[in-house]
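Values below: every heavy atom of this structure, side chains too, minus hydrogens, waters and symmetry copies. Ligands are counted one by one from 1 in listed order, and the atoms in each one are counted from 1 as well.
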Amino acid sequence: MNLKGRNFLTLKDYSPEEIVYLLDLAANLKAKKKAGIPMDCHRGKNIALIFEKTSTRTRCSFEVAAHDLGIGTTYLDPKSSQIGKKESIADTARVLGSMFEGIEYRGFGQEIVEELAKYAGVPVWNGLTNEYHPTQMLADLLTIRENFGRLKGIKLVYMGDARYNMGNSLMIACAKMGMHFVACTSKEYFPNSELIQICEGYAKDSGATLTFTENVEEGTKDADVIYTDVWVSMGEPDEVWEKRIKELTPYKVTKKVMENAAEEAIFLHCLPAFHDLKTEIGKEMGERFQLAELEVTDEVFESEQSKVFQEAENRMHTIKAVILATLGEPDEN
Ligand code: CP
Ligand code: NVA
């Protein structure tokens, strides 16, 4: 399979076979890294990392993955560049495309990363937009495959705001890979009907099913994977917290939820998570809402069933696979 020159903007653009190919490549790169086998086959190349929102995992994954491949990185944050304010995305794309072999972009609307890709002339990778988080999907699928040995037939339940990047992307990933996706949340937070329709099309081909329910007991029954994300995403106004806490608290991942799931069920979260009061923002939340734990209890987060750190590590291996596949693999691979 040859993915050289391709952008990575949303999983909608990738076939199930291409997704499996990237997962296999990531597993291979992970094994090589553990064995200490060098993979610096792209020495002399450079990539730009644009972050209009904050990041720990995605930025570090791109940096470490690139360095492992022999690639230099330049990090651009919104304050220290001209992007979007003094200079258009199209002009930025043409400038960066003339200096770098690839560009990562994390920001707001999906149309921005699409515009960047249109003008860059080099592969552009989506490091999270309001609508999609495709590199996170590869890490999640790899983690699920590592735990269950397969993807087909796995029941994944997403609890929380399913209209945003994580809910949208998980629905696409499950629909493509023949998994059973359940959005278990208040109706208002179901994904939009246009995307549901697109995913119904993928599901017809893959044998996946899509379910939308407000009923926690029914929705999480016998689930293999319970997944949640923050209730308020980056870039959303602070004022929405109160409403979200009220409406999404019934969909908090608790021990009871995990007990209702399958015996071997795992818990996943893209992170960062609100599960304790140790962080500055956690303390603030505790004072404001008398809630130490939001979308998941500390008990579940710290349990054996929680695979969130395996998932986080897999961000790096899967991002490395995307960079390698789209910049071109050496012949021996
Ligand atoms: N999951 C994820 O994208 O984490 P960061 O925001 O830390 O990159
Ligand atoms: N929905 C979250 C995901 C963080 C990785 C956000 O956009 O902030």
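Note that Arg315 lies outside the cation-pi zone of Phe62, set by a 6.0 Å cut-off to the ring centre and a 45° limit from the axis. In this structure, Arg59 forms a cation-pi arrangement with Tyr75, its terminal cationic atom sitting closer than 6.0 Å to the ring centre and no more than 45° off the ring axis.
With Phe8 as the fixed residue, the side-chain contact (heavy atoms from CB on, under 4.5 Å) test singles out one of Ile319, Val124, Leu22: Leu22.
Of the N or O atoms in Ser233, one or more lie within a sub-3.5 Å distance of an N or O in ligand 2. Some N or O of Asp229 is nearer than 3.5 Å to an N or O of ligand 2, by distance alone. At under 3.5 Å, not a single nitrogen or oxygen of Leu128, backbone or side chain, sits near a nitrogen or oxygen of ligand 2. Backbone and side-chain nitrogen or oxygen atoms of Asn165 are examined, and one is located within less than 3.5 angstrom of a nitrogen or oxygen of ligand 2.
Protein heavy atom nearest atom 7 (O) of ligand 1, with residue, atom name and distance: Thr56 N, 2.7 Å. The protein heavy atom nearest to atom 2 (C) of ligand 1 is Arg315 NH1, 3.2 Å. Counting only heavy atoms of the protein, atom 6 (O) of ligand 1 lies nearest to Arg106 NH1, 2.8 Å. Remark: minimum distance from atom 4 (O) of ligand 1 to any protein heavy atom is reached at Arg57 NE, 2.8 Å. Considering only non-hydrogen protein atoms, atom 8 (O) of ligand 2 sits nearest to Met234 N, 2.8 Å.
Under 4.0 angstrom from ligand 1, there are no non-hydrogen atoms of Lys53. Neither the backbone nor the side chain of Leu128 comes within contact range of ligand 1; no heavy atom lies under 4.0 Å. When heavy-atom distances to ligand 2 are checked against a 4.0 Å cut-off, Leu271 comes that close only through its backbone atoms N, CA, C and O.
With ligand atoms numbered from 1 in the order given, ligand 1 contributes 1 (N) to contacts under 4.0 Å with heavy atoms of Cys270. If you number the atoms of ligand 1 from 1 as listed, the ones under 4.0 Å from a heavy atom of Leu271 come out as 1 (N), 2 (C), 4 (O).
Judged by distance alone, with hydrogens and angles left aside, the side-chain atoms of Ser306 form no donor-acceptor pair with the main-chain N or O of Glu302 at under 3.5 Å. A donor-acceptor pair under 3.5 Å is absent between the side-chain atoms of Glu295 and the main chain of Ala273, judged by distance alone. Asn126 contributes a side-chain N or O that, together with a main-chain N or O of Leu9, makes up a donor-acceptor pair within less than 3.5 Å.
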Checking Phe148 against Ile266 for the side-chain contact (heavy atoms from CB on, under 4.5 Å) test, could you report, in this order, the C-alpha distance in whole Å, the side-chain angles of both residues, the deciding distance, and whether it holds? CA-CA 10 Å; Phe148 295 97; Ile266 62 169; 3.8 Å; yes
